[in-house]
Structures are given as C-alpha cells and as structure tokens.
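Just so you know, ligand 1 is whichever comes first in the structure, and atom 1 is the first atom listed for that ligand. All values below were derived from every heavy atom in this structure, side-chain atoms included, with hydrogens, water molecules and symmetry-related copies excluded.
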Amino acid sequence: MPAEVLEITRVGGVIGAEIHGVDLARDLPDRVVAAIRRALLDHLAVFFRDQNLTPAQYRAFAARIGTPIEYPFVPGIEGFPEITPVLKRPDQTINFGGVWHSDTTYLPEPPMATLLLARELPRVGGDTEFANQYLAYETLSDGMKSLLAGLRGVARSDKAEASRTREDRGKQPGTGGEVLTAEHPVIRTHPETGRKVLFVNIAHTARFSGMTEEESLPLLRFLWKHQTRPELTCRFSWSPGALALWDNRCAQHQAINDYQGQKRLMHRITLAGDMPR
Ligand code: SIN
C-alpha cells in the first residue's frame, strides 16, 4: 500500500515525519495501518497531533501496529499493564529516558517499536530527540564496519547512564534489584528493510562480549558519540495529545530535561520485537 494515502511532512533531514489527517481513535482500515507502518519504515519515527485517546483506544491502535508488552521496571496504569506512565513531577530533577538509548536492549528480544502519547506537558521544553542508526552505520569507514562486524555488545539494565535517569524507579515486586542482561550483534540487520544498523547505545551497552569494560570503553565511546551526531537527528516538540511512534530497531531517542519545576506525563507502550541478528 503506497504511503500516499497519508499526508506526511518530514520534520528532519534524515529522520522523523509528521502524519496528518488520521484519527487514531477510529477503527482504521487496513490500508491506512499498512501506510502508517510503511511510513514508520521510511522515516524511523512518525508523529501524530491531537490524538486524545482513551487508554483502550491507545492500546487498540498500538495492537494494530504490533503486540503491546509490559515494561519490566515500571508498573502500568490501572487496568492497562502495557501502558507505562512516564512521569516527571515538579519536585523531581531527573527525567526518565534522559540519555540516548534504544528501549530495553538488555532484553533478549528488545521491542520493535515504541509509542509515546503526551498527556500533560510543561509550558515549554520537554522535547524528544531521535537519531537514525542506519546512517550511524553507513557513515562509518569500511575498516570500522569490518571491525564491528564480528562483535557482540553486552547490554545491562543497571548501567549508571540509564540508572541516573531513573529508568528503574518504581520497580515491580519480584524485580527489585534484578539486573537484566542480553547480548546482541553490534551491527544488526533490520528484519523488515534488510538494512544494517549500528546497535549499541550509551544507556545500556556496557562492553563487548569477550572483553572487559575497560577494554571496550574507548571504542564504545567513539560509537556513542558518532551515532548521535546532530546531523543524524531530529527533534520533536510535543503538544497535548501528540503521539510518537518510533522503530526501536533502527532509531535511538532521548528526552530533553529542560523544564525543571514543571510536570510532564506521557503514556508509553512498547511492542514486542525479535532477537537481533
Ligand atoms: C522514553 O525514553 O521512552 C521516554 C522519552 C520521552 O519521555 O520523551
């Protein structure tokens, strides 16, 4: 189904597009859902405005794109375990997700995609940035590509970079103190587009498999900087009811923490993914 069924405006040169004129509260025809999925593959992150969905409508839309799953560390909202509140209260100084990352890469099968719906926003600020990880791979030298081809990254849920953003606040009973780890190829192939992706991130990748953290860090530091260079990114400014949907297999994101003393509440749903290869 061609994406022409949708009105699409790009928000950055290499990632991100707004989709206009679609009411996600409705039971969308299959051809529209297919076009949204196509736009997601083309733009890596897509944004909709004015989608004041009820939790049931939100989960129903997410279920048209993939299979909603529960986040391991924060309980869902009442009656909707797959809808995770992402909250920063006025008295909190640290925000959730305020570091570049792909979601939960410490799981053996990280989510294919994530949806985020703006419920309450600061007067100004609180944007989210996204970075294109196909280009992060493609802009490496041939020598670096060959070096990385054989490497696997070890991701941990307790890395300081992520813990600082309190991603694990509100641990569920049974997961207290538990550290989740998973190993993934540093270069993965996107299962739908067949394109190669640089698949490490500063929030969760701790080291290369078979190496110590100290041995891994110099190269990881280079990759973390390289993969979030401004020319690989776009920045989305939220409005009430705005909804973002990003492909977690080829995009990273970070929430900007520039609204101290104000509240920001988002509702997040992640969609089941596959084992990176
Ligand atoms: C997240 O990392 O999932 C949250 C991003 C945001 O709140 O903008």
- Task: Report, in ascending order of atom number, the atoms of ligand 1 lying under 4.0 Å from any heavy atom of H101.
- Result: 2 (O)
- Item | Under 3.5 Å side-chain donor-acceptor pair for R207 and T212 | no
- Between H253 and W246, what is the ring plane arrangement, given parallel below 30°, perpendicular above 60°, and tilted in between? tilted
- Which atoms from ligand 1 have a heavy atom of H253 less than 4.0 Å away? 1 (C), 2 (O), 3 (O)
- Task: Kindly assign one of parallel, tilted or perpendicular to the pair F73 and Y71, based on the angle between their ring planes and the thresholds 30° and 60°.
- Result: perpendicular
- Mark up the atoms of ligand 1 that fall under 4.0 Å of a heavy atom belonging to G97, in ascending order. 2 (O)
- For E120, which of R264, K263, R89, K88 qualifies under salt bridge (charged side-chain N to carboxylate O under 4.0 Å, His left out)? K263
- Message: Can you tell me which portion of R268 lies within the under-4.0 Å heavy-atom range of ligand 1? Options are side chain, backbone, both, or neither.
- Response: side chain
- Message: Salt bridge or not between E18 and R49? Use side-chain N to carboxylate O under 4.0 Å.
- Response: yes
- Report the part of L116 in contact with ligand 1, treating N, CA, C, O as backbone and CB onward as side chain, heavy atoms under 4.0 Å; options are side chain, backbone, both, neither. side chain
- Item | Per-atom contacts, ligand 1 versus V86 - under 4.0 Å to a heavy atom | 7 (O)
- Item | Pairing of E138 and K145 as salt bridge, 4.0 angstrom limit | no
- Item | Atoms in ligand 1 with a heavy atom of T128 nearer than 4.0 Å | 6 (C), 8 (O)
